[in-house]
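For this chain, numbers begin at 1 and follow the sequence in order. Just so it is clear, the model here is predicted, and its values are computed rather than measured.
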Amino acid sequence: MQYMARKQTVCILTTMKVASPMIPTSLSMYSLNDFVSEGSLESAQVIDQEADKLTIAAADLNGVTIEKCRLGGAQLPRLSARDALLSKSDFSGSIMTQASFNRVILSDCRMSGLDFSNAQLHDVVFKGCKLDMVNFRFADLRRVKFVDCQLVEADFLSGVLHDVTFESCQLEATVFEKATCKSVDLRTSELINIVGWPSLKGATIDGAQLSMVAPSLAYALGLTVNNG
């Protein structure tokens with residue numbers, strides 16, 4: 001079977017070592033009903049489908065594109081997704097605890113309140129996604145890139161973040177307490193009321209960000225600022 005990396009994947013990943021999804025050149029059209037009945041999709045394309053509160057334990061996606069689908073409140077614990085493109089879809093309030101994503105791009109997706117706790121996200125790109133209040137607690141993120149995303153009150157408590165980039169994102173009241181961070185790049189993103197600055201030791205920010213977050217850093221470090 002022949003595979004190809006989609007052009008949009010190449011332009012997103014040129015500045016970071018993130019493996020591109022390998023999508024088969026020929027995909028068969030499927031419905032979400034097929035997904036429910038089989039519990040898996042392979043070399044498949046799903047477009048403009050709706051299945052709120054869909055429930056599948058240990059579902060599997062392999063070489064799949066999903067576009068303009070509405071899956072709000074889906075129960076998909078232990079979901080395995082490999083070589084997948086998910087775009088313009090709604091996963092708000094879905095449960096994906098212990099999920100495993102490998103070489104996946106999520107583009108222009110609504111994911112507010114999604115539960116990714118204890119998930120493994122390796123070689124994943126979130127682009128233009130709404131990730132407010134997403135639960136990344138105890139998740140393992142390696143070679144993950146967030147681009148133009150909203151992460152208001154997203155929670156990375158006790159997560160592992162290795163080679164993670166936040167590019168032009170909004171991080172407000174985002175939680176990094178007890179996270180293990182290595183090679184985390186926050187440059188170009190908006191950082192407001194970040195929780196857990198000490199856990200971001202070694203992260204990269206730019207000069208403009210430093211002037212904005214200095215009061216929060218001083219508070220986190222227990223510094224007293226006295227201009228008298």
Side-chain angles (χ1 to χ4, degrees), residues 12-13 16-19 58 61 74-82 84 86 91-107 109-205 209 213 216-217 219-221:
I12 292 172
L13 305 179
M16 187 177 178
K17 294 180 180 179
V18 179
L61 301 173
Q75 303 285 319
L76 298 169
R78 299 184 300 282
L79 170 66
S80 174
R82 298 178 304 281
L86 313 178
F91 301 97
S92 298
S94 294
I95 304 297
M96 298 185 186
T97 55
Q98 301 181 59
S100 175
F101 281 28
N102 193 354
R103 297 187 301 273
V104 176
I105 291 181
L106 301 103
S107 177
C109 290
R110 185 179 180 87
M111 309 177 75
S112 298
L114 187 145
D115 190 347
F116 263 139
S117 60
N118 293 286
Q120 292 189 357
L121 308 177
H122 298 174
D123 295 295
V124 175
V125 175
F126 296 89
K127 185 175 186 296
C129 293
K130 187 174 179 62
L131 297 160
D132 296 343
M133 296 180 288
V134 170
N135 180 1
F136 290 104
R137 290 186 171 200
F138 300 95
D140 186 308
L141 287 74
R142 298 174 189 266
R143 298 175 305 281
V144 175
K145 189 169 185 178
F146 297 89
V147 183
D148 295 321
C149 293
Q150 294 182 28
L151 293 114
V152 177
E153 297 185 29
D155 192 348
F156 294 91
L157 177 75
S158 296
V160 174
L161 288 78
H162 284 191
D163 297 312
V164 176
T165 296
F166 298 88
E167 181 181 316
S168 301
C169 294
Q170 180 187 7
L171 285 77
E172 182 174 350
T174 307
V175 177
F176 292 98
E177 282 188 319
K178 299 181 181 178
T180 300
C181 298
K182 181 180 179 180
S183 299
V184 173
D185 194 338
L186 296 161
R187 288 176 295 178
T188 74
S189 287
E190 185 178 6
L191 309 175
I192 302 172
N193 297 328
I194 298 300
V195 179
W197 274 112
S199 294
L200 286 167
K201 182 179 179 180
T204 302
I205 62 175
Q209 289 172 317
V213 305
S216 296
L217 285 172
Y219 178 80
L221 293 172

query: Would Leu186 and Leu200 count as a side-chain contact (heavy atoms from CB on, under 4.5 Å) if you check the C-alpha gap in whole Å, the side-chain angles of each, and the deciding distance to 0.1 Å?
result: CA-CA 10 Å; Leu186 296 161; Leu200 286 167; 4.3 Å; yes

task: Given side-chain contact (heavy atoms from CB on, under 4.5 Å), test Phe136 with Val175 step by step and report yes or no.
output: CA-CA 10 Å; Phe136 290 104; Val175 177; over 6 Å; no

Residues Leu151, Val134; criterion side-chain contact (heavy atoms from CB on, under 4.5 Å); working and verdict: CA-CA 8 Å; Leu151 293 114; Val134 170; over 6 Å; no

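Closest approach of Glu177 to Leu157, counting heavy atoms only: O-CD1, 3.1 Å. Taking every heavy atom of both residues into account, Ala81 and Val104 meet most closely at O-CG2, 3.5 Å.
Between the side chain of Asp132 and the backbone N or O of Ser112 there is no donor-acceptor pair closer than 3.5 Å. A donor-acceptor distance shorter than 3.5 angstrom exists from the side chain of Ser199 to the backbone of Lys178, with no hydrogens or angles considered.
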Enumerate donor-acceptor pairs with a distance under 3.5 Å from any side-chain N or O in residues 187-195 to protein atoms, sequence neighbours excluded.
residue : atom : partner : partner atom : Å
Arg187  : NE   : Asp185  : OD1          : 3.0
Arg187  : NE   : Asp185  : OD2          : 3.2
Arg187  : NH2  : Asp185  : OD2          : 2.6
Thr188  : OG1  : Ser168  : N            : 2.9
Ser189  : OG   : Phe166  : O            : 2.9
Ser189  : OG   : Ser168  : N            : 3.4
Ser189  : OG   : Cys169  : N            : 3.0

Report all side-chain donor-acceptor pairs from residues 113-123 shorter than 3.5 Å, counting only partners two or more places apart or in another chain.
residue : atom : partner : partner atom : Å
Asp115  : OD1  : Ser117  : N            : 2.9
Asp115  : OD1  : Ser117  : OG           : 2.7
Asp115  : OD1  : Asn135  : ND2          : 3.3
His122  : NE2  : Asp140  : OD1          : 3.1
Asp123  : OD1  : Ala19   : N            : 2.9
Asp123  : OD1  : Arg143  : NE           : 2.9
Asp123  : OD2  : Arg143  : NE           : 3.2
Asp123  : OD2  : Arg143  : NH2          : 3.0

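Here the straight-line distance linking atom CE of Met96 with atom CD of Gln75 works out to 10.5 Å at 0.5 Å rounding. Atoms CG and CD, from Leu131 and Gln150 in turn, are 9.0 Å apart once rounded to the nearest 0.5 Å. The distance from atom NZ of Lys17 to atom NZ of Lys145, rounded to the nearest 0.5 Å, is 14.0 Å. Rounded to the nearest 0.5 angstrom, Arg142 CZ and Asp163 CG are separated by 9.0 Å. The structure places CD of Glu172 at 8.0 Å from CD of Glu153, a figure rounded to the nearest 0.5 Å. Atom-to-atom distance recorded for Phe146:CZ and Leu171:CG is 8.5 Å, nearest 0.5 angstrom.
Within the 4.5 Å cutoff, the side chain of Leu76 has no heavy atoms near those of the Phe91 side chain.
For the ring-ring contact (aromatic ring centres under 6.0 Å, His included) condition, the pairs that include at least one residue of residues 171-201, sequence neighbours left out, are Phe156-Phe176.
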